[in-house]
Undergrad: 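Sharing a structure here in C-alpha cells format.
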Amino acid sequence: MGSVRTRIPPSPTGYLHVGNAWAAFFNWLFARRQGGQVVLRIEDTDPTRSSPEYERAIYEDLRWLGIDWDEGPDVGGPYGPYRQSQRAHLYREAAEALLRVGAAYRCYCTPEEIEQERRRALAERRPYRYSGRCRTRSEAEVRALEREGRRPALRLDVGQFHDPRWVTADGWLQARREDGRDRLYVVVHDLIRGEVAFGLDELDDFIVVRSDGTALYNFANVVDDHGMRITHVLRAVEHLSNTPRQVLLYRALGWEPPQFAHLPVLVGPDRRKLSKRHGDAALREYRDELYLPEALRNFFALMAWYPEDGREIFSTEELVQRFDLTQVGRASPVFDRQKLLWMNGEYMRRALREDPERVVDLVAGYLARHGLLPESLLPEQRAYVRRVVEVLGERIKEGADVLRYGDFFFLETPRYEPQAVASYLQGEQAAAVLKLAQQVVREVEPFAAAALEAALRRAAAERGFSMRAVVHPVRVALTGKTVGPGLFELMEVLGRERVLRRLEHAVAVGAAAGSAV
RNA sequence: GGCCCCAUCGUCUAGAGGCCUAGGAUACCGCCCUCUCAAGGCGGAGACGGGGAUUCGAAUUCCCCUGGGGCCA
C-alpha cells in the first residue's frame, strides 16, 4: 500500500488566488497528516494566458503561505514532467491506447454541426447529447471527410460501459432497479459527500482530444493524476460533475481511479465564488497588507472545518495533527475579512511578543511601499521604526493600521483631519492649552514619557484644566488625528524639537481653520 | 433544458434523535478600564429557509418545495 499523494494544480495565468490557496492548503494538510507527499503540477495548457512570471509568483506565494511540495517543476521528481505543456506526448500515448482498445473513436463533426444539434435539442426541449454519429462512419466516409481537410477529434465511446461485465465488486458502476428496470450508475465515492450517483445514460460520448490534437481538461487530468501516482484528489465541488467522466476514462484505460474529496467553494460576501471582482482575491495582496502566513493558515483551517469545539487558535502543527478530511463541511463558506482581521491581530500581537524584529521588518517594508521610508534603512532609521512599533503595539492588526495610527511619525507635518481640527484646535482655550504644552515641553527633563506626563498633569492642575482638555488638543496638534498611541509615549518618540515645532504650527492651523469658518 | 451539489445567529461554525429554553467565535450594541484609539473584562441582541412524513420525541432521518451554486457549454 503506497503512501498518500495529493496534488496542487495551479494555472499560471495570474497570482495565486485565495480560493486556490485554501484548497492547496487542505491538500497540504491532508498529505502531511498522512505522512504523504504533495505534488505541484502547473496547468499551463493555455499558452496565451500562462506566463513564467506567474508561475514563479505562484511558487513564491505558496512558499510564503508555508506550503511546500515534494515534487514539482522546480524541484523535479520521478513522475514528471510537472508542467502540462510538457506532457503532450503522454496525452497522445493515452489517446492512442484508447483508440487501440476501441474505447474511443474519431469524430469528424465540426463545431458548427455540433452547435446545430445542440440548438435543435434545446428547441425541442430535450437534453442535448451527442448523437454518436461518427461512431459508425464507414471507411469511405472517413476518407471523404479527411479529403475535405477535416481533422478528427477523439471521443470516448460511453456505450461500451452499458455492459454488465463492468459491474464489479468495487462498486464504481452499479445497477440499480428503478421503475421496474435496471439503470446503470457511475458512482463516485466521495470522502466528503459520500456516494454520488450519476446515471450512465446521462453521459454522452464526450470529447477527449480536440481536432487540433490538444487534450481536454478531463482527459489531461486523468492522465496526469494517474501518471503522477496521485492517491487523493482534493478539489473544489465544481469538479464533481466531471468526476463520472473521469472515472470512465480511468476504467477505459484500465487504471484504478484515485480517491476523491470534493471541497466546497469559497465565496464572497455576496455568496458568489470568490474572484477578482471581490478585490483582494490574490493571496499576495494579503501579504502586502501585513497579513501573517500563520494567521492565514489558521483562518483557512477554520473554513469548512473545525478542529475542535470551542477553540479557534491553533498552531499549524496542531492543525496537521488534527486534520480530518471526513469532517470537512459541505456548504460554501463565506470568506469573512472581518474575522480574518481579528485573527491577524491575534497573531500580530503574538509576533510582537515573540519576535518584535520581524514586525519591525514588516512595518518598515509597508512604510517603504507607501513612500514614507526608503527601501533600505540606516541603523538609526530602523531603530526609530522599532520605537514606533513599540508605541503602536497591539494597534497594528493589518498594514493600514500603521498609517491609520502612526503616519505622523514619518511625515514632516502631520495630515490634519478637518474634523479633529474643528473639535480640538479651534478657539481660545485650545490656543491656551497649546501654549501651556509648549512651555512644559520646553522645560521638562528628561524628555521621556513619565516625566512628560507628570509635568503636564501638574501644569494642567495649576491652570485648572482637566487632563482631557489638555491631552486631546495636544494629540491633534502632534498627530493630526484623534486616535493613536498614548500621548506621552508618542511625544517621547517624536522628540522635543519636533513636538515643539508641531505645537507651534498647530496654533496657526487652529487659527486658520477658525477664520475660515 | 437535463443532471449533480448545498442550506443552523450578519459571518465562521458546534450539533451526527432526547444533554438544545440551540453552544462558541467574529462582527454589532451597552457598561467597566482609560488621555483617544486599540487591547482587555463584563453584559446584551441575534439562527435551525418552508411544508409534509417517520418517531413517545427531530436542527439532527426521509420526501417535496423554495433558494443558492456547479457541470454538460
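So you know, we letter chains A, B, ... as the sequences are listed, proteins then strands, and number each from 1. All values below were derived from every heavy atom in this structure, side-chain atoms included, with hydrogens, water molecules and symmetry-related copies excluded. Note that the coordinates shown come from a computational prediction; the quantities given were computed from them, not determined experimentally.
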Undergrad: Taking the same atom, C1', in B:rG46 and in B:rA22, what whole-Å distance lies between them?
TA: 12 Å

Undergrad: How far does the C1' atom of B:rC56 sit from the matching atom of B:rC12, given to the nearest Å?
TA: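 About 36 Å, rounded to a whole number of Å.
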
Undergrad: Any donor-acceptor pair under 3.5 Å between the side chain of A:Tyr128 and the base of B:rC72?
TA: no

Undergrad: Pick out the pairs of N or O atoms, protein on one side and nucleotides 2-6 of chain B on the other, that lie under 3.5 Å.
TA:
| from | atom 1 | to | atom 2 | distance (Å) |
| --- | --- | --- | --- | --- |
| B:rG2 | O2' | A:Glu202 | OE1 | 3.1 |
| B:rC5 | O2' | A:Arg193 | NH1 | 2.7 |
| B:rC6 | OP1 | A:Arg330 | NE | 3.4 |

Undergrad: Any chance the rings of A:Phe299 and A:Phe335 have centres within less than 6.0 Å?
TA: yes

Undergrad: For residues 466-486 of chain A, which residue pairs qualify under salt bridge (Lys or Arg N to Asp or Glu O under 4.0 Å), counting only residues two or more places apart or in two chains?
TA: A:Asp407-A:Lys481

Undergrad: Roughly how many Å apart are B:rU54 and B:rU13, using the P atom of each and rounding to a whole number?
TA: 34 Å

Undergrad: With a 6.0 Å cut-off on the ring centroids, do A:Tyr384 and A:Phe410 count as close?
TA: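 They qualify: ring centres under 6.0 Å apart.
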
Undergrad: Using the C1' atom as the point on both nucleotides, what is the distance between B:rG70 and B:rU55, in whole Å?
TA: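 Per the computed distance, 36 Å lies between those C1' atoms.
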
Undergrad: C1' atom, B:rA39 versus B:rG50: distance in rounded Å?
TA: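 Result for the C1' pair: 44 Å, nearest Å.
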
Undergrad: Does B:rG68 have OP1 or OP2 under 4.0 Å away from a side-chain N or O of A:Lys273?
TA: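 For B:rG68, neither OP1 nor OP2 has a side-chain N or O of A:Lys273 closer than 4.0 Å.
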
Undergrad: Can you confirm whether or not the ring centre of A:Phe260 sits under 6.0 Å from the ring centre of A:His189?
TA: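 They do not qualify: ring centres at least 6.0 Å apart.
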
Undergrad: Considering Watson-Crick and G-U wobble pairs with both distances under 3.5 Å, what does B:rG2 pair with?
TA: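 Partner of B:rG2: B:rC71.
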
Undergrad: Are A:Phe323 and A:Phe26 near enough that their ring centres are under 6.0 Å apart?
TA: yes

Undergrad: Look at the side-chain N and O atoms of A:Arg395 and state whether any lies under 4.0 Å from the OP1 or OP2 oxygen of B:rU36.
TA: no

Undergrad: Suppose we define a pair by two distances each less than 3.5 Å, Watson-Crick or G-U wobble; what does B:rC20 pair with here?
TA: none

Undergrad: Give me the atom names and distance for the closest heavy-atom approach of A:Pro264 to A:Ala331.
TA: CB-O, 3.3 Å

Undergrad: Using modelled atom types only, decide if a donor and an acceptor are shared between the side chain of A:Arg496 and the backbone of A:Val441 within a distance under 3.5 Å.
TA: yes

Undergrad: According to a strict under-4.0 Å criterion, is A:Arg118 in side-chain N/O contact with OP1 or OP2 of B:rA73?
TA: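 Yes, such a contact exists.
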
Undergrad: For B:rG40, does either OP1 or OP2 sit under 4.0 Å from a side-chain N or O belonging to A:Arg349?
TA: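 Affirmative; the distance criterion is met.
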
Undergrad: Counting Watson-Crick and G-U wobble pairs only, both distances under 3.5 Å, name the nucleotide matched with B:rG10, or none.
TA: B:rU26

Undergrad: Sticking with atom C1', work out how far B:rA7 lies from B:rA47, rounded to a whole angstrom.
TA: 12 Å

Undergrad: Counting only side-chain nitrogens and oxygens, does A:Arg272 get under 4.0 Å of the OP1 or OP2 atom of B:rG69?
TA: yes

Undergrad: Is the shortest side-chain N/O distance from A:Arg337 to OP1 or OP2 of B:rC12 below 4.0 Å?
TA: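 Checking A:Arg337 against B:rC12: no side-chain N or O falls below 4.0 Å of OP1 or OP2.
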
Undergrad: Please check: side-chain N/O of A:Trp28 versus main-chain N/O of A:Ile67, any donor-acceptor pairing under 3.5 Å?
TA: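 Such a contact is absent between A:Trp28 side chain and A:Ile67 backbone.
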
Undergrad: Measuring from the side chain of A:Glu346 (C-beta onward, heavy atoms only), which nucleotide among B:rG40, B:rA38, B:rC72 has the closest atom?
TA: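 That would be B:rG40.
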
Undergrad: What about A:Arg468, does its side chain sit under 3.5 Å from the base of B:rC35 through a donor-acceptor pair?
TA: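 Between B:rC35 and A:Arg468, which were checked side chain against base, a qualifying N/O pair under 3.5 Å is absent.
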
Undergrad: What nucleotide among B:rU11, B:rC71, B:rC35 has an atom nearest to a side-chain atom of A:Val334?
TA: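 It is B:rU11.
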
Undergrad: Using the side-chain heavy atoms of A:Leu302, tell me which of these nucleotides is nearest: B:rC37, B:rC12, B:rG70.
TA: B:rC12

Undergrad: Taking the side chain of A:Lys339 as its heavy atoms from C-beta onward, which of B:rA38, B:rG24, B:rC35 lies nearest to it?
TA: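 Of the candidates, B:rG24 comes closest.
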
Undergrad: For atom P, what is the distance between B:rC72 and B:rC28, given to the nearest Å?
TA: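 That atom pair is separated by 41 Å.
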
Undergrad: Could you measure between the two C1' atoms, the one in B:rU8 and the one in B:rC20, and give it in whole Å?
TA: 12 Å

